[in-house]
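Before any comments, here is the structure.
Throughout, protein chains are lettered first and strands after them, A, B, ... in sequence-line order, and every chain is numbered starting at 1. The structure presented is a predicted model; accordingly, all values stated were derived computationally and were not measured. Just the heavy atoms: all of them, side chains too, but no hydrogens, waters or symmetry mates, feed the values below.
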2 protein chains.
Amino acid sequence: MVTLKQLAKELNVSISTVSKALNNSEEIGQETVKRVKELAELYNYKPNKVALSLKQNKTNTIGVIIPDILNHFLAKALFGIEREANLHGYNIITCISNESLVKEKESLQLLASGSVDGFILCVSEETQIKNEVEHFKKTMSQGHPIVMFDRVAHDVLCDKVIVDDYDSTYRATKSLLDEGRNKIAFISNIDELSVGKLRERGYRQAILESLGQELLSLKIRKGEDSHQKIKSFFKDNQDIDGVIAADSTSGVIAINMAVHFKRKVPKHISVIGFSSKSVSIHSVPPLTAIRQHAKKIGAKAAQLLIKRLQTPATEELQFTTKIIKTTVVKTKSTLKAL
Amino acid sequence: MVTLKQLAKELNVSISTVSKALNNSEEIGQETVKRVKELAELYNYKPNKVALSLKQNKTNTIGVIIPDILNHFLAKALFGIEREANLHGYNIITCISNESLVKEKESLQLLASGSVDGFILCVSEETQIKNEVEHFKKTMSQGHPIVMFDRVAHDVLCDKVIVDDYDSTYRATKSLLDEGRNKIAFISNIDELSVGKLRERGYRQAILESLGQELLSLKIRKGEDSHQKIKSFFKDNQDIDGVIAADSTSGVIAINMAVHFKRKVPKHISVIGFSSKSVSIHSVPPLTAIRQHAKKIGAKAAQLLIKRLQTPATEELQFTTKIIKTTVVKTKSTLKAL
DNA sequence: GTGAAAGCGCTAACAC
DNA sequence: GTGTTAGCGCTTTCAC
């Protein structure tokens with residue numbers, strides 16, 4: 001890589017002259033500016049990012065810590081973050097916590113020592129279960145703002161972007177009830193997560209509000225065989241006529257399993273699940289999907305962080321919690337639109 | 001963040017003494033070392049990464065450029081890269097090219113100005129179609145090694161990690177022939193990609209080698225409705241008794257669509273597709289899957305890059321191309337194991 | 001055993 | 001209009 005020093009030497013001027021010329025300083029003569037720029041162009045000079053970071057005490061890099069990159073929702077959120085960050089001249093360093101508190105702490109620690117200006121993260125499962133938040137607070141107190149999305153730590157004061165999980169399943173359940181469904185089941189493989197609990201609560205509330213309805217939940221834990229569990233579930237409860245799935249895998253499998261048992265979807269049974277387009281088409285018929293707008297969530301999180309990074313420390317900036325509303329895309333796995 | 005300067009001041013010693021003490025230099029007295037370390041511990045001192053990078057002229061960061069983070073295979077490869085990189089003390093900066101040549105070039109350009117030590121990338125679709133490679137060569141000539149994986153530019157001399165695409169579909173097709181299948185179709189939504197073409201070629205070869213067999217391909221382009229296309233395809237070719245899918249979505253939908261048409265899987269029709277575990281279970285029965293070992297591919301790519309980064313420029317290091325063999329996981333969508 | 005000084009690449013206040 | 005200097009945080013050579 002060419003440096004200012006080399007350009008300066010070749011042009012027989014000082015380093016600062018070159019620097020100023022390239023930064024369009026008024027101080028430098030037109031002729032000199034031209035010569036400098038031409039040579040810089042020729043050598044394809046680009047200022048060294050590391051030197052700039054050191055000098056300006058900011059890296060223009062955002063640390064992103066997510067629990068699981070294979071989760072389609074999180075991958076999509078990451079996509080949204082990356083795009084929004086890029087738009088504002090930021091790069092992202094991605095760390096995957098693997099749902100582990102220790103890894104989350106380490107990543108935070110490691111990146112906080114100069115590599116990034118701030119963080120966007122989704123709290124790991126272990127962190128949620130143990131309810132640890134000290135590492136977040138410490139990072140923030142060291143001057144690195146954090147924006148949390150989807151799974152957030154309510155005890156930490158920071159910007160947050162979340163989904164209306166409770167409302168989504170409440171409304172979805174209501175809509176199945178409106179279809180005249182009598183035995184609506186809830187299937188989830190994310191029971192341990194805060195969002196999973198909220199989604200179940202929405203379902204429960206809707207069921208409890210309806211006369212003659214009863215709760216019926218299937219929880220699938222990590223490592224368990226979704227196929228087998230859903231199969232048994234359908235066998236044990238042959239009269240299920242509606243399913244609310246807290247995740248996309250369970251929803252898709254539920255449809256295919258119902259068909260496997262010679263039940264018509266949506267004639268005999270309706271299925272709604274949280275899912276993105278690309279996954280919801282894995283079943284026939286495709287899954288009526290609750291869309292979380294993951295990309296938008298990621299983008300919003302990035303916006304909040306960047307705004308905070310670019311606000312002078314002197315100004316007060318209130319912490320906000322942005323709720324991104326889900327929308328339902330009806331396909332042929334349900335009778336009615338919401 | 002605490003700096004050496006601040007520690008030095010508080011301890012009434014020089015900056016260099018503190019630095020040496022923390023780096024366990026022999027020169028410093030035991031007593032001093034102890035005092036320094038205690039204070040550093042107290043203040044949770046961590047050397048500033050940016051300063052280290054500038055000084056040592058390396059960032060311990062790898063630039064990863066992938067075309068699409070929502071592609072499960074690529075996300076998984078990224079996961080492998082991240083883990084392997086972390087193991088060796090590297091962070092990763094992720095850029096998403098969105099299958100665009102321009103974005104790929106920009107990312108390369110941007111990160112090459114000091115942000116990363118080298119690159120791991122999967123060539124974008126547009127780049128493959130236009131067969132552009134200059135930006136890769138230029139980046140390498142500037143001292144940033146590149147490792148390509150999955151989709152590679154054959155005209156560029158660099159380390160590569162690829163899949164035995166041709167062999168995989170050749171063998172998969174052969175195994176369906178061995179089952180006694182007579183009309184085996186090939187379905188692909190990645191026809192434009194180098195790997196897509198190789199996969200089709202493997203299928204063609206196997207079919208052509210068998211007497212009385214004919215080729216039957218369905219290509220699904222971006223933006224087209226997979227459900228609709230596969231549905232029509234089955235309608236138009238009611239006697240299909242085998243499917244080789246070049247991607248996981250098509251394989252899963254094919255199974256579900258076959259069942260939809262009252263055809264038994266695998267009694268009447270066998271389906272094999274490239275897929276990972278989490279997606280192959282989206283159908284009932286689950287898809288017999290050609291596993292690409294994405295994580296391993298990512299990890300291997302990271303290993304190759306890190307090895308190169310840590311080899312002194314004086315030593316010659318041959319460029320290698322590593323082929324990661326696929327394996328087949330048989331489930332109930334086929335009769336025989338491969 | 002400790003400290004001063006140089007230098008990584010860059011910017012900017014200040015001289016001339 | 002151009003150059004000198006200091007400094008961002010760190011390591012390391014060389015003096016003392």
(request) Please list residues of residues 34-59 of chain B whose heavy atoms come under 4.0 Å from any atom in DNA chain C, ordered by number; otherwise none. (result) L54(B), K55(B)

Report all side-chain donor-acceptor pairs from residues 5-13 of chain A shorter than 3.5 Å, counting only partners two or more places apart or in another chain.
residue : atom : partner : partner atom : Å
Q6(A)   : NE2  : T3(A)   : OG1          : 3.4
E10(A)  : OE1  : Y43(A)  : OH           : 3.2
E10(A)  : OE2  : Y43(A)  : OH           : 2.7

(request) Mind running side-chain contact (heavy atoms from CB on, under 4.5 Å) on L52(B) and T59(B) for me, showing each step along the way? (result) CA-CA 8 Å; L52(B) 282 182; T59(B) 59; over 6 Å; no

(request) Step through the shown structure and confirm whether more than 12 heavy atoms of other residues, nucleotides or ligands are within 6.0 Å of CD1 on I323(A). (result) no

(message) I'd like to know if E41(B) and K37(B) make a salt bridge, using a cut-off of under 4.0 Å between side-chain N and carboxylate O.
(response) no

(request) Examine distances only and state if a side-chain atom of Q292(A) and a backbone atom of F73(A) form a donor-acceptor pair shorter than 3.5 Å. (result) no

(request) Give the intermediate values and the outcome of salt bridge (Lys or Arg N to Asp or Glu O under 4.0 Å) for residues E31(A) and R35(A). (result) CA-CA 6 Å; E31(A) 178 58 26; R35(A) 281 177 58 220; 5.6 Å; no

(request) With sequence neighbours excluded, tell me which residues meet salt bridge (Lys or Arg N to Asp or Glu O under 4.0 Å) with E82(A). (result) K103(B)

(request) Output every pair passing salt bridge (charged side-chain N to carboxylate O under 4.0 Å, His left out) with a member in residues 142-154 of chain A, not counting sequence neighbours, ordered by first then second residue. (result) E99(A)-R151(A)

(request) Rounded to 10°, tell me the angle between the two end axes of the helix from dG1(C)-dC16(D) to dC16(C)-dG1(D), each built from five pairs. (result) 60°

(request) Would you mind classifying the nucleic acid contact of S25(A) as base, sugar-phosphate or nothing, using non-hydrogen atoms under 4.0 angstrom? (result) nothing

(request) Check step by step if side-chain contact (heavy atoms from CB on, under 4.5 Å) holds for L4(A) and L22(A). (result) CA-CA 10 Å; L4(A) 288 184; L22(A) 291 174; 3.9 Å; yes

(request) Examine distances only and state if a side-chain atom of S19(B) and a backbone atom of I15(B) form a donor-acceptor pair shorter than 3.5 Å. (result) no

(message) Does anything in residues 306-318 of chain B form a salt bridge (charged side-chain N to carboxylate O under 4.0 Å, His left out)? List the pairs, not counting sequence neighbours.
(response) D159(B)-R308(B)

(message) Distance under 4.0 Å to a non-hydrogen atom of chain A counts as contact; along DNA chain D, which nucleotides mark the start and end?
(response) dG1(D) to dG9(D)

(request) Keeping to residues at least two apart or across chains, list the salt bridge (charged side-chain N to carboxylate O under 4.0 Å, His left out) pairs with something in residues 50-72 of chain A. (result) none

(request) Can you run down the salt bridge (charged side-chain N to carboxylate O under 4.0 Å, His left out) pairs that involve residues 123-136 of chain B, sequence neighbours left out, and say none if there aren't any? (result) K105(B)-E132(B), E125(B)-K222(B), E126(B)-K130(B)

(message) Tell me every residue that passes salt bridge (Lys or Arg N to Asp or Glu O under 4.0 Å) with E27(B), counting only those two or more places apart in sequence or in another chain.
(response) K20(B)

(request) Take S14(B) and Q6(A), find for each the nucleotide of DNA chain C with the closest heavy atom, and name the residue whose nucleotide sits nearer the 5' end. (result) S14(B)

(request) Classify the angle between the aromatic ring planes of F119(A) and H144(A) as parallel (below 30°), tilted (30 to 60°) or perpendicular (above 60°). (result) perpendicular

(request) Return the residues of residues 16-23 of chain B meeting this criterion: a heavy atom under 4.0 Å from some atom of DNA chain D. Order them by number, or give none. (result) S16(B), S19(B), K20(B), N23(B)

(message) At a heavy-atom distance below 4.0 Å, which nucleotide of DNA chain C is the first touched by chain B, and which is the last?
(response) dG1(C) to dG9(C)

